[in-house]
Amino acid sequence: MDKKLCLWSSSGVRCVDLESHTHSVSKVKVSTSGSHAVSSSYDKTLKIWTLKGRKRGQVAATLVGHKAPVLDFAFSGGYIISGARDGIAMAWDIETGSASFKLGQHSGHVTSLDCV
């Protein structure tokens, strides 16, 4: 695994390296609007990346609060729900980047999650 993301041009010819995580990236997803991407990492954070406009390729927010590597996340309305190796799932407000609440403690790792 790598701690770097690559934002490809629409032609697929040029790549802009997105570097901000300090450990390996575990997952990346693009928002339904296509304006942002979110990445999770073994550095215990999630990053919201701007994909359009003048700030393209820049970190819009860093979500800090997990005490172990973040393994998965999902979008749910105006929230990002993330799960980590510490057994904690957290809900983050996308607009403010703040942790809204914790969703309980599992006895094992949160390796996968989804929102319905």
Side-chain angles (χ1 to χ4, degrees):
M1 287 196 277
D2 199 341
K3 62 183 180 180
K4 172 174 69 171
L5 299 170
C6 184
L7 179 60
W8 289 94
S9 64
S10 59
S11 64
V13 174
R14 200 182 79 168
C15 170
V16 175
D17 289 338
L18 306 181
E19 298 183 84
S20 183
H21 284 293
T22 59
H23 289 77
S24 298
V25 173
S26 57
K27 181 163 253 179
V28 63
K29 291 182 184 178
V30 176
S31 65
T32 54
S33 69
S35 62
H36 291 86
V38 176
S39 58
S40 59
S41 172
Y42 281 77
D43 65 10
K44 307 174 192 170
T45 69
L46 294 105
K47 305 270 184 187
I48 301 175
W49 301 86
T50 303
L51 298 181
K52 295 184 177 180
R54 290 179 35 186
K55 295 189 176 189
R56 182 178 187 262
Q58 294 182 18
V59 175
T62 299
L63 311 182
V64 179
H66 281 289
K67 296 182 183 345
V70 182
L71 303 177
D72 198 13
F73 64 90
F75 296 104
S76 179
Y79 294 93
I80 297 168
I81 312 299
S82 60
R85 278 179 130 170
D86 58 5
I88 299 287
M90 296 180 73
W92 305 87
D93 184 302
I94 293 174
E95 292 298 317
T96 65
S98 62
S100 297
F101 49 90
K102 289 184 180 182
L103 301 169
Q105 172 91 31
H106 294 274
S107 59
H109 307 303
V110 178
T111 58
S112 182
L113 56 83
D114 204 353
C115 299
V116 291

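Nearest heavy-atom pair, Ile48 versus Val38, reported as atom, atom and distance to 0.1 Å: CG1-CG2, 4.1 Å. Residues Ala68 and Ala84 approach most closely at O-CB, 3.8 Å, considering heavy atoms.
Within the model, atoms OG of Ser100 and CG of Asp93 stand 5.0 Å from one another, a figure rounded to the nearest 0.5 Å. Of the inter-residue distances, the one linking His109 atom NE2 with Arg85 atom CZ reads 5.0 Å to the nearest 0.5 angstrom. Taken from CE in Met90 to CD1 in Ile81, the straight-line distance is 10.5 Å, to the nearest 0.5 Å. Here Leu71 contributes atom CG and Tyr42 contributes atom OH; the two are 5.0 Å apart, rounded to the nearest 0.5 Å.
Qualifying side-chain hydrogen bond (donor to acceptor under 3.5 Å, both in side chains) partners for Ser82, counting only residues two or more places apart in sequence or in other chains: His66, Trp92. Under the rule for a side-chain contact (heavy atoms from CB on, under 4.5 Å), Thr32 has no partner lying at least two apart in sequence or in another chain. Under the rule for a side-chain contact (heavy atoms from CB on, under 4.5 Å), the partners of Ser39 that lie at least two apart in sequence or sit in another chain are Leu5, His21, Val25, Val28, Lys47, Trp49. Taking Gln58 as the reference, Lys55 meet the side-chain contact (heavy atoms from CB on, under 4.5 Å) condition, with sequence neighbours excluded. Partners of Asp72 according to the salt bridge (Lys or Arg N to Asp or Glu O under 4.0 Å) rule, which considers only residues two or more places apart in sequence or in another chain, are Lys27.
Side-chain N or O atoms of Asp17 include none that pairs as donor or acceptor with a backbone N or O of Glu19 at under 3.5 Å. Using modelled atom types, one side-chain atom of Ser31 and one backbone atom of His36 make a donor-acceptor pair closer than 3.5 Å. Looking at Lys29, its side chain does come within 3.5 Å of a backbone N or O of Phe73 through a donor-acceptor pair. For Thr45 (side chain) and Leu63 (main-chain N/O), no donor-acceptor pair under 3.5 Å exists by modelled atom type. Remark: side-chain polar atoms of Ser40 are not paired, donor with acceptor, to backbone N or O of Ser26 under 3.5 angstrom.
By the criterion of side-chain heavy atoms lying less than 4.5 angstrom apart, applied directly or through intervening Ile, Leu, Val, Met, Phe, Trp or Tyr residues, Val30 is grouped together with Leu18 in one hydrophobic cluster.
Residue pairs satisfying the disulfide bond (SG atoms under 2.5 Å apart) criterion with at least one member in residues 12-47, sequence neighbours excluded, are listed as follows: Cys6-Cys15.
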